[in-house]
Structure formats: structure tokens, C-alpha cells
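Here is the structure we will look at, set down as C-alpha cells.
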Amino acid sequence: MIPHFSKILFCTDFSANADFAFAFACKAAASNPGATLILLHVIPEPDAQFWKGYIYEVGDMDAKARADIDQRVDEYRARMPPGISLKVEFKIGDAARAILEYAEAASADLIVLGRQGHRPFTQWLLGNVAGKVAQKAHCPVLIVPLDFHGGEPEG
């Protein structure tokens, strides 16, 4: 028997693959009455102090970045099926670690995230995140590849 999922964690980097995986997260939430869909975006923290100084001190770079992220979140909100609650969270740090820590702290029942296609760099970067999350999560993980031939779920 498939358990009831009450907290579904959708992880996004705002890529085309994450956009595709969002439909699966919505379908999972719609299939579990009363479920909350949590959108989590992890912002990588630059390692070098030089880059931190550059990023945080240059003009309105922070304001532009915030506006871009807000716009993307609004695009997800516009695609939400009626009756599903959406909670938005942001974390800073290593993507896999932040996802796993948040999932544990929030008692997520299901994690949904995308996996990139076949390009070597993106496969290494994002596939690595998906792989780490799948390997170490304490709840089921749905990894949706962009090249999934079944297409977007209906409704």
C-alpha cells in the first residue's frame, strides 16, 4: 500500500528539468488530500571570500537576484492546481546537504526533484545532487529525468 504523503518537498534550481518535475510534484500533492507542497530552492554559497565580497557589494545585484527568484516562484504559483497549499523555502549552501537537512527537519514524506539529461557537466553537477539525495534521504525520492518519455502527468 502506498503511504499518504502530507509534506511533499519539491526541490528546484529553476532549470527546464525542475520545471518539468514540478508537474509530478503537483500531481503527487493533488493525489494526497490535505498535502502541503514545499518548494525549496538552494542558493550555492561561494567558497572564496573574494567572490562573496564581489557578489554582495556590487550595486543592486542582490535586488536583481531576488527579483529573478521571486519571478520564478510566481511562475510556479501560477501553475499550482487549486486546493493545494504551497510553502516556499530558501536555503544557502551545498544543494544535496541542504535538501537532506531540510527534508529531515520538515519531516518530508516525499522528495521530488529533476535530473538533467545527457550533457556531461550538468549530468555531473545535478545528477550528483539527485544521487546523493536518493542515497541518503529517509523518505521516498522521486527523480524525474527531463527526457522521460511518458510526458507530463495529466491534471
Side-chain angles (χ1 to χ4, degrees), residues 2-47 51 55 64-155:
I2 297 175
H4 180 275
F5 300 118
S6 61
K7 291 183 182 176
I8 300 167
L9 179 59
F10 166 65
C11 308
T12 182
D13 59 359
F14 302 116
S15 66
N17 190 62
D19 291 348
F20 182 64
F22 182 69
F24 289 81
C26 287
K27 185 71 172 179
S31 299
N32 289 275
T36 297
L37 182 58
I38 305 165
L39 182 151
L40 175 65
H41 175 64
V42 180
I43 302 166
E45 185 174 22
D47 294 326
W51 288 110
I55 288 171
K64 166 113 175 71
R66 277 193 296 275
D68 289 345
I69 289 172
D70 287 344
Q71 177 184 351
R72 295 304 312 265
V73 169
D74 288 343
E75 290 170 8
Y76 282 123
R77 278 195 175 104
R79 293 174 53 198
M80 288 289 298
I84 296 176
S85 172
L86 179 69
K87 180 179 178 181
V88 178
E89 293 287 337
F90 299 99
K91 298 295 176 191
I92 297 174
D94 174 72
R97 181 177 298 124
I99 291 167
L100 291 165
E101 288 173 358
Y102 185 85
E104 188 74 22
S107 300
D109 302 306
L110 175 68
I111 300 172
V112 179
L113 52 98
R115 189 195 79 213
Q116 290 298 89
H118 303 291
R119 284 178 265 154
F121 180 72
T122 54
Q123 178 70 15
W124 169 79
L125 179 65
L126 296 172
N128 193 21
V129 171
K132 285 179 184 176
V133 170
Q135 183 179 28
K136 296 182 180 180
H138 296 287
C139 66
V141 178
L142 173 60
I143 300 173
V144 182
L146 185 57
D147 58 359
F148 174 63
H149 296 290
E152 205 166 317
E154 294 179 20

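The shown structure was predicted, so the numbers you read here are calculated from the model rather than taken from an experiment.
- Considering every non-hydrogen atom in both Phe20 and Phe24, the closest pair reads O-CD1, 3.6 Å.
- The heavy-atom pair separating Pro3 from Asn32 by the smallest distance is O-OD1, 4.1 Å.
- Taking the charged nitrogens against the carboxylate oxygens, Asp19 and Arg72 do have a contact shorter than 4.0 Å, which makes a salt bridge.
- Side-chain contact between Ile43 and Ile69 is present, with at least one heavy-atom pair separated by less than 4.5 Å.
- Counting heavy atoms from C-beta on, the side chains of Lys27 and Pro81 never come closer than 4.5 Å.
- With rounding to the nearest 0.5 Å, the separation of CZ in Phe90 from CG in Leu39 is 7.0 Å.
- Scored by the side-chain hydrogen bond (donor to acceptor under 3.5 Å, both in side chains) test, Tyr102 finds no partners at all (sequence neighbours excluded).
- Contact between Ala21 and Val144 at its shortest, heavy atoms only, is CB-CB, 3.9 Å.
- Taking both residues in full, the closest heavy atoms of Lys91 and Ala98 are given as CB-CB, 4.1 Å, listed atom of the first, atom of the second, then distance.
- Atom CG of Leu113 and atom CZ of Phe10 lie 8.5 Å apart (nearest 0.5 Å).
- For Thr12, the side-chain hydrogen bond (donor to acceptor under 3.5 Å, both in side chains) partners at least two apart in sequence or on another chain are Tyr76.
- Between Pro44 and Val42, the closest heavy-atom pair is CD-O, 3.6 Å.
- When all heavy atoms of Arg79 and Ala23 are compared, the closest pair comes out as NH2-N, 3.9 Å.
- Atoms CG and CG, from Leu142 and Leu9 in turn, are 12.0 Å apart once rounded to the nearest 0.5 Å.
- Put simply, the residue from Leu37, Val112, Ile8 that forms a side chain to side chain contact (heavy atoms under 4.5 Å, CB included) with Cys26 is Leu37.
- Of the possible polar contacts, none joining the His4 side chain to the Ala35 backbone as a donor-acceptor pair under 3.5 Å is found.
- Annotation: the span from Asp94 atom CG to Lys132 atom NZ amounts to 5.5 Å, rounded to 0.5 Å.
- In this structure Asp109 satisfies the side-chain hydrogen bond (donor to acceptor under 3.5 Å, both in side chains) test together with Ser6, sequence neighbours excluded.
- Counting heavy atoms from C-beta on, the side chains of Cys11 and Ile111 come closer than 4.5 Å.
- Taken to the nearest 0.5 Å, the NE2 atom of His41 stands 10.5 Å off from the CD1 atom of Ile99.
- Side chains of Asp13 and Ser15: a donor on one and an acceptor on the other come within 3.5 Å.
- Annotation: the span from Asp70 atom CG to Arg77 atom CZ amounts to 8.5 Å, rounded to 0.5 Å.
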